[in-house]
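Just so it is clear, the structure is predicted and the values come from calculations on it, not from any experiment.
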Amino acid sequence: MQALRPRFNRRTLVIGVVAALTLGGIVATQTGRAAPDSQKKSEAPKVFELSSSDLAIVAHGELKQPVPLSGSLSAVRQTVLSSDVEAVVAEVMVRPGETVKAGQMLAKLDTRELNDQLIARSANLDRTRAELKLAEKNRARSADLLKQNFISPNSHDAAENQYAVALAQVKAEEAQVAIARKALGDATVRAPFSGVIAERSIEPGARVGVSQKLFSLVDLAELEFEAKVAMAALPQIKPAQDVVLHIEGFTTQQFKGRVERIAPVADSGTRMVSVYVRLKNTDGILKGGMFAQGEVAVATASDTDMLPLSAIRGLESKQPFVYTIEGGKVVERKVQLGLINQLSKTAAIASGTKAGQQVIIAKLENIKPGQQVKLPGESDKPAAKPVTSSKQS
């Protein structure tokens with residue numbers, strides 16, 4: 001039986017190897033062509049899309065350099081009304097928060113005991129006056145008898161002494177009557193000046209003693225702002241300087257005051273000096289005890305460019321700078337700073353920017369000069385190419 005020969009001979013093997021090599025070359029060629037295309041795509045420049053909160057506009061105007069103040073408000077004129085007599089409260093006419101006028105009756109005490117005391121003192125006064133009249137007659141009669149030598153000088157001196165004692169008793173009783181009459185008048189409590197009842201400490205039927213607190217009365221027409229100032233900043237503050245106040249609860253409203261006086265002695269513990277600012281409050285919207293922050297302008301830069309401090313980079317270096325947006329790209333501009341308002345966190349720009357310029361305030365990563373950016377509101381469509389004329393001049 002004849003053996004079978006393989007179907008694939010050497011020629012067939014060679015043809016297969018050549019075909020495989022050809023196919024590999026084609027694949028390598030296609031791969032080599034695709035690599036630059038993908039590399040080009042990865043190397044396409046990135047565009048940062050900015051929001052309105054990432055940007056600030058260079059403003060132009062006036063900037064003040066202030067000394068910050070903080071403290072609380074208190075009424076310039078305020079008092080505590082206390083009882084001058086001991087009596088039972090008969091009636092109370094006002095409550096806390098009510099506005100009262102000068103001389104208005106606030107409360108009335110029971111006057112029965114006080115009236116009895118006045119009657120008793122008046123009776124004693126009448127008695128001593130009668131005794132004085134008798135002593136005066138005895139003194140006159142004794143003087144006549146002494147001239148006629150009917151009595152001794154010692155007897156006349158005794159008559160003079162009785163008269164002097166009677167006169168002193170009359171004066172003492174007159175004083176007691178005046179005190180009793182005043183006590184009767186003090187049973188009616190009246191407002192010493194116009195203001196607002198801040199506190200009421202009595203109720204009808206209660207018995208009050210001498211010097212016991214009855215009411216607190218404040219006049220809110222004029223307030224005083226007391227602030228503590230460090231010794232280093234004190235030389236910049238002078239009486240009559242204007243002060244702008246920001247008061248708790250009035251976020252959109254500013255109040256103006258004026259430095260009234262400066263304490264002559266610093267606090268021994270804090271080494272701070274009290275500065276007192278006076279402000280008008282004719283409408284009464286401000287209340288005593290409110291917390292306030294103020295600023296005294298000690299320097300002013302007028303007609304200057306301004307930026308938030310957050311937009312300025314390298315503040316601690318010798319050459320601060322900002323990132324502006326020019327032609328859709330980030331541009332680094334070195335700036336020269338002027339006055340700085342630490343309260344509003346704003347700095348005056350002496351040079352390096354111009355009013356209306358857009359500046360990046362956000363601390364974005366990988367942002368650098370030359371970076372392309374997209375501003376809020378810009379369209380994603382590419383800008384139209386300018387049309388050029390085919391004619392040549």
State whether the number of non-hydrogen atoms from other residues, nucleotides or ligands found under 6.0 Å of [X] atom [atom1] is greater than 12.
X      : atom1 : result
Gln176 : CD    : yes
Lys368 : NZ    : no
Lys213 : NZ    : yes
Arg261 : CZ    : yes
Lys108 : NZ    : no
Met231 : CE    : no

All side-chain contact (heavy atoms from CB on, under 4.5 Å) counterparts of [X], not counting sequence neighbours:
X      : value
Ser122 : Leu118, Val177
Ser351 : Gln336
Ala158 : none
Ala263 : Val273, Ser274, Tyr276

How long is the straight-line distance from [atom2] of [Y] back to [atom1] of [X], given to the nearest 0.5 Å?
X      : Y      : atom1 : atom2 : answer
Lys287 : Met290 : NZ    : CE    : 7.0 Å
Ser201 : Gln212 : OG    : CD    : 8.0 Å
Gln148 : Asp144 : CD    : CG    : 6.5 Å
Arg207 : Asp110 : CZ    : CG    : 8.5 Å
Lys280 : Leu220 : NZ    : CG    : 13.5 Å
Glu326 : Glu332 : CD    : CD    : 11.5 Å

Taking every non-hydrogen atom, the tightest pair across [X] and [Y]:
X      : Y      : result
Val359 : Ala311 : CG1-CB, 3.9 Å
Ser194 : Arg77  : O-NH2, 4.4 Å
Gly294 : Leu245 : CA-CD2, 3.7 Å
Arg333 : Thr324 : CG-OG1, 3.7 Å
Gly257 : Leu279 : CA-CB, 4.0 Å
Val218 : Ala75  : CB-CB, 4.1 Å

Going only through I, L, V, M, F, W and Y residues with side-chain contacts under 4.5 Å, is there a path from [X] to [Y]?
X      : Y      : value
Val335 : Tyr323 : no
Leu69  : Val298 : yes
Val322 : Val330 : no
Val196 : Leu81  : no
Ile119 : Leu184 : no

Taking C-beta and beyond as the side chain, do [X] and [Y] meet within less than 4.5 Å on heavy atoms?
X      : Y      : answer
Arg127 : Asn124 : yes
Thr188 : Met105 : yes
Lys182 : Asp84  : yes
Asp303 : His60  : yes
Leu55  : Ile361 : no
Phe255 : Leu73  : no
Leu375 : Gln358 : yes
Asp219 : Val76  : no

Say whether, by atom type as modelled, one donor and one acceptor occur between the side chain of [X] and the main chain of [Y] under 3.5 angstrom.
X      : Y      : value
Asn341 : Thr346 : no
Asn281 : Leu286 : yes
Gln162 : Leu134 : no
Gln241 : Lys238 : yes

**Request:** Evaluate the criterion side chain to side chain contact (heavy atoms under 4.5 Å, CB included) for residue pair Ile325 and Leu50; output intermediate values, then yes/no.
**Result:** CA-CA 11 Å; Ile325 306 299; Leu50 301 176; 4.2 Å; yes
**Request:** Output the rest of the hydrophobic cluster of Leu145: all Ile, Leu, Val, Met, Phe, Trp and Tyr residues reachable through side-chain heavy-atom contacts under 4.5 Å, sorted by chain and number.
**Result:**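 Noted: Leu145 shares its cluster with Leu146, Phe150, Ile151.
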**Criterion side chain to side chain contact (heavy atoms under 4.5 Å, CB included) on Val244 and Lys64, from CA distance to verdict** = CA-CA 11 Å; Val244 177; Lys64 295 182 178 181; 5.9 Å; no
**Asked** If you measure from the Lys or Arg side-chain nitrogens to the Asp or Glu carboxylate oxygens, is any gap between Arg278 and Glu222 under 4.0 Å?
**Response** yes
**Asked** Between Asn138 and Arg141, do the side chains contain an N or O donor and an N or O acceptor separated by less than 3.5 Å?
**Response** yes
**Asked** Checking side chain to side chain contact (heavy atoms under 4.5 Å, CB included) for the pair Thr300/Glu62: CA distance, chi angles, key distance, verdict?
**Response** CA-CA 7 Å; Thr300 303; Glu62 182 181 77; 3.5 Å; yes
**Request:** Mind running side chain to side chain contact (heavy atoms under 4.5 Å, CB included) on Glu98 and Leu106 for me, showing each step along the way?
**Result:** CA-CA 11 Å; Glu98 290 188 19; Leu106 308 181; over 6 Å; no
**Request:** Could you note down all residue pairs passing side-chain hydrogen bond (donor to acceptor under 3.5 Å, both in side chains) where residues 247-256 supplies at least one of them, sequence neighbours left out?
**Result:**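 The answer is none; no pair qualifies.
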